[in-house]
2 protein chains.
Amino acid sequence: MFAKEVYVNRRKKLKEAVGSGVILFLGNDEVGSNFEDNVYPFRQDSTFAYFFGISMPGLSAVIDIDGNTEKLYGPALSIDHVIFSGSHQSLEDKAASVGVRHVADSANLQGDLKEALQRKNKIHYLPPYRSEHRLKLARLLEIPLEEIEGKVSIDLIKAIVALRSIKSADELAEIEGAIATTVEMQKKAMEMARPGITERDLYAEVERIALTHGAGTSFPTIMTVNGQILHNHYRGNELKSGDMVLCDCGAEAHSGYAGDLTRTFPVDKKFTTRQKQVYDIVYAAYKTAKEMLRPGIEFYKVHWAACVKIVEGLKELGLMKGDPDEAVSAGAHTLFFQCGLGHMLGMDVHDMENLGEAYVGYTDELRQSTEFGFKSLRLGRILQEGMVLTVEPGIYLIPELIDLRKGQKAYLDFVDYESLEAYRHFGGIRIEDVFYITSDGAQLLGPGLPTTSGEIEAFRQSAGS
Amino acid sequence: MFAKEVYVNRRKKLKEAVGSGVILFLGNDEVGSNFEDNVYPFRQDSTFAYFFGISMPGLSAVIDIDGNTEKLYGPALSIDHVIFSGSHQSLEDKAASVGVRHVADSANLQGDLKEALQRKNKIHYLPPYRSEHRLKLARLLEIPLEEIEGKVSIDLIKAIVALRSIKSADELAEIEGAIATTVEMQKKAMEMARPGITERDLYAEVERIALTHGAGTSFPTIMTVNGQILHNHYRGNELKSGDMVLCDCGAEAHSGYAGDLTRTFPVDKKFTTRQKQVYDIVYAAYKTAKEMLRPGIEFYKVHWAACVKIVEGLKELGLMKGDPDEAVSAGAHTLFFQCGLGHMLGMDVHDMENLGEAYVGYTDELRQSTEFGFKSLRLGRILQEGMVLTVEPGIYLIPELIDLRKGQKAYLDFVDYESLEAYRHFGGIRIEDVFYITSDGAQLLGPGLPTTSGEIEAFRQSAGS
């Protein structure tokens, strides 16, 4: 948690931006995994944490902009709770620590909102991402369940996105901390890899490091010899000589801020010639993108340039042909790079994703594409000083996608399907780092990791026996 | 997953027990932590897994007892899903692997249930423990949200409890596996403990072991120098000489079966004299309980006997006085032992807790107490061969509770509050093992751990430097 003034100031700015009405914030609740009391690790809602700092289940808050009051709602402290949980700090004290003067039992929330509605106040709320919140909103605001998503406050979303998109020095320090832990996780995985060990062994060790230094991982770790499977949470494979391991992981600081880095490395001490060739293409795209980062540039254009770089490299390798820019226009690169170049990062690893990519990554002027590949680009808009974002190009050889596109006779001017056969089971490579947009460029966050194929091989050779 | 016949046979028995109507099973869905796609580790509902074996999100199943049909509902496999998730096995193949012949897209579930309702079939369903299921039940069965809990099927609950309470040899092997991993976790914590290390360091290592061998932990690990705080998930303390560590943890096998063991050990190589005295009282209660386990005995009586043993020990220590049996009748032992002696264990660490303790741990004849202490006893009923349960007595010195009872002038005939002052900050001790009820007694499950104070000290002395 930051100093009281940080939260007071954030709420002040929010009130100014939204202008009028009542803002309802729902903190997160516990969720049972296989029964109600067997709960997943508690995670506070990031927007709630951003404005109110307190990480405990069952809280809500209301800001009445016109009346200029702020009130925190929570469960009363029962003696049973004190006896069994040893928890003593009252809700009043917790509220005071973030500069909120009014508190009330959660039971009063519905009545207070009813009163606000009677005063014809607009009640601003955010899109729910858990069913528990859908139920609460329906009950508290007397809205039919199916109308909840339609009545969210776009003004509130836009105001929050504007605030949370620009990171303060305090926030940057938290992100740097999460990335430092993530670097330790990545290095350990790179050190441990050897034939005979399993993905799960590496995964479990990476989780251990994340739990030692913080709140665990900021998203489900990808630790796989099948880097081409983009949403991959299977971890049962044994590493074999000739394999590459793709490790995409991030630590979460106790404050909630996320790390997110990816490296792809050989199980042997060196990449094969073919692996190194493809790796170097991904690195070229990474380098191109990195060097373009600065305030004022559309991230969409950075993505485009990375795609062109990938096509250029694949042309040299004989897998693609034709004009690279035309190939990207035709979407031919999406046979190899199916996803977006990056996303904002903050208290959420995909920062503010629950508020809607249309508002977070795009604007009324620049809208998200609906085409395969481009639709997966979460961030397209103009970069500003203070933003934190990832750059994560990759090349993924997905046999099912190759067969699909070949069957559709797609991209025939740009893809050499015959040469591609030899790469059918190549796998996937990604490089991912996190950058802070400065006044005239960008700064790599964290203490740094081996990044080029040469650096990775040197690290592997120095690691262990 | 077990062989196909296991699931076929379980469903056959269930149909016989329930007799008629339609049974609706809702498998679990993904839950987002801080946004929808940033999901917690998926955990299938245990009852769904018990009858249908398949661990993937978004499934439902319907058994029409009268029509003798079984149907699995799930999401259709999209090409995007295959491309991004590399998942190929069709719903048909998955269903076939557990002996279910009919499958359908989830979109058909509502219509099929509507038809069943029109045929005036009773639709049996279980109490929901996630809001997502509340919403689904309301939508699928056209029941107002507030009536869902009232309309659950008691017949279905009782039939499932009868089946799941008795573990097969296959299930026992899974539980033994989870306990073997848990033993490894416990030993590692006991080995690593030393002044200067933190609770979190031990916790993270225990999680690593659980993730290496299975699906992680079966409940949130308690790793604390404050064993008297019963619901304790804070892990930030540094271990100091003179402290004891209470480690309550369990591995979850990939099949979902749980381990659950507790040991309390000194940070130094030996307990202090006072710690050893209290430890030996807890052990005496553990031994008494363990030796009473057999088919036909009410677990309530085993709990009672353990409570009496605790009072006897505390009398010798000068903290209690009077007749031990009368002390327990008066509830005076609950100043030291506030919870229950044990619970059933299976695919849930508190097995079937979501079905209701009234049906799982008690019967129409023997109902759960509402008194402090006794109300926390999850299991009271007569033990049967094939049950698996924990025995976990403890002594917990909770300053807030001592002050409360002293202020109430409670238990004055049985508690020496003056002598108790010296133990105010003693902490807490628990010993927990898992037992299988055999035809004439009980069998300790797992490879075993140091249990007596002497065994614990010997282990600590042989561990590390």
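So you know, we letter chains A, B, ... as the sequences are listed, proteins then strands, and number each from 1. Only heavy atoms go into these numbers, but all of them, side chains included; no hydrogens, no water, no symmetry mates. These figures come from a predicted structure and were not determined experimentally.
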Checking heavy atoms, do the side chain of [X], its backbone, both or neither come under 4.5 Å from chain B?
X: A:L135; answer: side chain
X: A:F372; answer: side chain
X: A:V206; answer: neither
X: A:D29; answer: neither

Q: Just give me the residue among A:G256, A:P128, A:P127, A:A204 that pairs up with chain B most often, heavy atom to heavy atom, under 4.5 Å.
A: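 Ranked by heavy-atom pairs under 4.5 Å with chain B, first place is A:A204.
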
Which bit of [X] comes within less than 4.5 Å of chain A, counting heavy atoms only: side chain, backbone, both or neither?
X: B:N28; answer: side chain
X: B:L404; answer: side chain
X: B:Y234; answer: neither
X: B:L202; answer: neither
X: B:I83; answer: both

Q) side chain to side chain contact (heavy atoms under 4.5 Å, CB included) between B:L145 and A:L145: does it pass, once the steps are laid out? A) CA-CA 11 Å; B:L145 277 163; A:L145 277 162; 4.2 Å; yes

Less than 4.5 Å apart, side chain to side chain, heavy atoms only: is that true for [X] and [Y]?
X: A:M352; Y: B:F35; result: no
X: A:L401; Y: B:V82; result: no
X: B:H350; Y: A:N38; result: no
X: B:R208; Y: A:E205; result: yes
X: B:H233; Y: A:F42; result: no

Q | Spacing of CG belonging to B:D80 relative to CD belonging to A:E400, to within rounding of 0.5 Å | A | 12.5 Å

(Q) I need the residue from B:H81, B:E132, B:Q228, B:E36 with the largest number of non-hydrogen atom pairs under 4.5 Å to chain A. (A)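 Option with the top pair count is B:E132.
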
(Q) Out of B:N34, B:N354, B:I398, return the one with the most heavy atom pairs under 4.5 angstrom to chain A. (A)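 The answer is B:N34.
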
Q: Taking A:Y40 for its side chain and B:P41 for its backbone only, find out whether a donor-acceptor pair lies under 3.5 Å.
A: yes

Q. Has the side chain of B:R130 got a donor or acceptor atom that lies under 3.5 Å from a matching backbone atom of A:S33?
A.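 Flag set: sc B:R130 to bb A:S33 pair under 3.5 Å.
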
Q.
Heavy atom to heavy atom, less than 4.5 Å: which residues from residues 217-227 of chain A reach chain B?
A. A:S218, A:F219, A:P220

**Q.** For the student: nearest non-hydrogen atoms of A:L211 and B:R200, plus distance
**A.** O-CD, 2.9 Å

Q) Of all heavy-atom pairs between B:I229 and A:G86, which one has the smallest distance, and what is that distance? A) CG2-N, 3.8 Å

Q: Identify, with sequence neighbours excluded, every residue that meets salt bridge (charged side-chain N to carboxylate O under 4.0 Å, His left out) alongside A:R405.
A: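 None.
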
